[in-house]
Structure formats: structure tokens, C-alpha cells
Amino acid sequence: MPEGHSVHRLARQFNDVFGGAVLAVSSPQGKFTAGALLVDGHVLKRAHAHGKQLFLSFSGDRVMRVHLGLYGAWDFGGDATFTGASSIGAPRRIGEQELSGESGAWAETGPPEPKGAVRVRLVSDHGWADLRGPTACEVLTHQEAAAVRGKLGPDPLNNLPGDRDEFVRRIRKSATGIGQQLMKQEVLAGVGNVYRAEVLFRLGLDPMLPGKALSQDRACALWEDIAAVMADGVRDGRIITTELDDRPSGLGIAVGFVCGRPDDARYLGTASNRAGTNPNKEVPVEDAHYVYKREGRPCRHCGTAVAMAELAGRKLYWCPGCQGG
DNA sequence: GATTAATGCTAAA
DNA sequence: TTAGCCTTAATCT
């Protein structure tokens, strides 16, 4: 799936284009008809991301919880008002990867005929959003939604006071390898298989190192780096974890160049993205990662062949040279 | 055209 | 630990 950064982009998108609007909610595919009826005709008050979960709060104590899973995605489209409000500008799909496209002649035609299995369709006066392929999609009360959030660890993209220390406490509590722990949403919410591998490389940490053996300082550094690199992901709409000097193409900007949270005023958000001035757009895919999906290829730092092993059903990539053992 | 793997997770075994 | 979810893009015949 889309790791946490995509879900934060989605939350921002929903607030921008649908915030405060009455929405018609339906399930063209039919699998979510009962849930859709619970929120149909209600006002979307706020969208909120916690890790990989998206919470859409509607009037009437209804919260739609969406988890995209491995291949879920949202498509957007609408008129000029809709597009103008959108902070993501051109991309009209947000999911595992973002696709660009035109939203079509909304004014004359309305939303397009749903193609394939559209689980949920949201329609406002100005635009539409289609959800396909989610792992989870349900309507809860605020209390039930809070219970779900309560099970999640801190989200580095929300980075609330105390979050870092809570993460440090949780990861150091268990003897389980830190590589496995970074994927546990109750330890920290939002990191997936790409960020896991990349961040451990960036810190020079052995994925098999037991949480208990990770020093307080290293654990703090790990949190800070995850927060920085994922904030870049929210800005860029893609995962780029290499430092500028480590990219053969030499393109793009340094990691953490514009730091801060997605709601930070300094954030390279709305205007820049819409103007297409995000410099990291130019970073070639083959320059974007240190170890993820680079099995057998030489490490960018030491030349050792990048290793891969299946761990708890997911592929783990690391450099045996830099991340020792 | 068919097959596979994928940035995820849950429930069953 | 494995099957299943249910979609897409890339890779195969």
C-alpha cells in the first residue's frame, strides 16, 4: 500500500476539496451499500490520518474508516472549483502510486460511469471521489473510531508531544528485531516495507538488532529520521530516501530540505505542487532508494551486494556491509 | 492473454 | 505460518 505519507496526502485532499460539504455517498459495487446509507447526505466535517488509516468524520457521529491495504486507491475528479481547491493538483489517483490525469468535463457530465469495482463513491456539488480495492471500509461512531486509534502506535507525521518518547518506549520494550517492529502498527503507525528498509539503512542499523539492544539515543534518531523522510513523502507524493549526493543523476533536493509537518506553513504544499515546482519530481526511480528492491546490486555506500530475506511474510532488504550484524 | 508480485492486514490453522 | 482479500502494473507466453 501506500504507506503513511499517502494517507496523509489523502486526508489533506479530502479536507481541501470536500471539507464542510454535503456528500452523496453510494456503493456502485454494492459491497458497502449499508455503510454508505449511514453517511449519505451528511456533511464531511474533517478528514484525519493516523498511520495508514484514514478517518472521515461526518455529521451525525459517523466516522468512515478506510484502510487501503496493499492495492487500494482513491480517484478524484471535478470542476474548476474542485481542482482549484485540490492541493495535489494534477494527480487524480492516490494509492500505491499516484497517477496524473484530467478530471474530464464534470460540468456537463457529472461523475463518470463507475468502471470496475468501485466500493464507495462520494459526490459533492463540485467533484467526486471513488474508492476501490480497500482492505477495510466501515462506518463507526466517534467512540468506536477512537478505540481503533487507541490500538495504534504514534504516527511520526502527526508527531504530537510525547510521541517520540512513546515510540522509544515501545520499540525498546521487546526483544523482537527492530526490522520486524517497524512494521508493527502498534509500535509506530505509518511505516511500511519501503520506509522500514530505507530508514534502517540510513541509520546504519541491523534489522535483526533486538529492540531491547537499541540505545535510547539511536531510537530517538530513528524516530526523527522517519519523521523527516516521511514528511518528504507527503510533500513529494512518492518515497525518496536517498541523499542528494547518493543519486547518480544528481537530481532533486536534499532529504528534509523543507522540513516540518504536513500542516506546517513552511511545507511545500498547495501552491508549489500545483505550480509543478516540486524539484523531486525529477528524481529517477532508480535513484530513489538505497536498498529497497535492490537485491544483489552494489550498496551505494560500500559496494557490498544488497541482501534480501523474507521476514514474517514480507521482503526485507539491507546492506550486510553498512548494517553489519 | 496469462501470470506474478506489490509500499497490508486479518482470521484461521 | 498460510490463505484470502481483490486491484494494478509489469512481466511472461
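Below, chain A is the first sequence line, B the second, and so on; all start at residue 1. These figures come from a predicted structure and were not determined experimentally.
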Name the nucleic acid region contacted by [X], choosing base, sugar-phosphate or nothing; use a 4.0 angstrom heavy-atom cut-off, strictly under.
X: A117(A); value: sugar-phosphate
X: K184(A); value: nothing
X: Y195(A); value: nothing
X: R238(A); value: nothing

Options [options], nucleotide nearest the side-chain atoms of [X]:
X: H67(A); options: dC9(B), dA6(B), dT7(C); value: dC9(B)
X: Y292(A); options: dG8(B), dT7(C), dA6(B); value: dA6(B)
X: I239(A); options: dT7(C), dG8(B), dT7(B); value: dT7(B)
X: R132(A); options: dA6(B), dG8(B), dT8(C); value: dT8(C)

- Task: Before giving the answer on side-chain contact (heavy atoms from CB on, under 4.5 Å), spell out for T83(A) and D79(A) the whole-Å C-alpha distance, their side-chain angles and the decisive distance to 0.1 Å.
- Result: CA-CA 6 Å; T83(A) 309; D79(A) 64 14; 6.0 Å; no

In whole angstrom, what separates [X]'s [atom1] from [N]'s [atom2]?
X: L152(A); N: dG8(B); atom1: CG; atom2: P; result: 14 Å
X: F32(A); N: dC5(C); atom1: CZ; atom2: C1'; result: 17 Å
X: E295(A); N: dA6(B); atom1: CD; atom2: P; result: 10 Å
X: Q185(A); N: dG8(B); atom1: CD; atom2: C1'; result: 9 Å
X: D236(A); N: dT7(B); atom1: CG; atom2: C1'; result: 15 Å
X: R196(A); N: dG8(B); atom1: CZ; atom2: P; result: 9 Å
X: R65(A); N: dC9(B); atom1: CZ; atom2: C1'; result: 10 Å
X: N193(A); N: dC9(B); atom1: CG; atom2: C1'; result: 13 Å

- Query: CD/Q323(A) to SG/C302(A) distance, rounded to the nearest 0.5 angstrom?
  - Reply: 9.5 Å

Can you tell me if the side-chain N/O atoms of [X] get under 4.0 Å from OP1 or OP2 in [N]?
X: K52(A); N: dC9(B); result: yes
X: R314(A); N: dT7(B); result: yes
X: H5(A); N: dT7(B); result: no

- Item | Same-atom distance (P) from dT8(C) to dT10(B), integer angstrom | 23 Å

- Message: Would you measure the distance from the C1' atom in dT1(C) across to the matching atom in dT7(B) and give it in whole Å?
- Response: 23 Å

- Message: Is it true that, when you exclude E310(A) itself, more than 12 heavy atoms of the residues, nucleotides or ligands shown sit nearer than 6.0 Å to its CD?
- Response: yes

- Item | Side chains of H67(A) and T135(A), donor plus acceptor under 3.5 Å | no

- Message: Which residue in the set M230(A), R149(A), K52(A), H8(A) passes side-chain contact (heavy atoms from CB on, under 4.5 Å) when paired with D155(A)?
- Response: H8(A)

- Item | Between F18(A) and H126(A), ring centroids under 6.0 Å | no

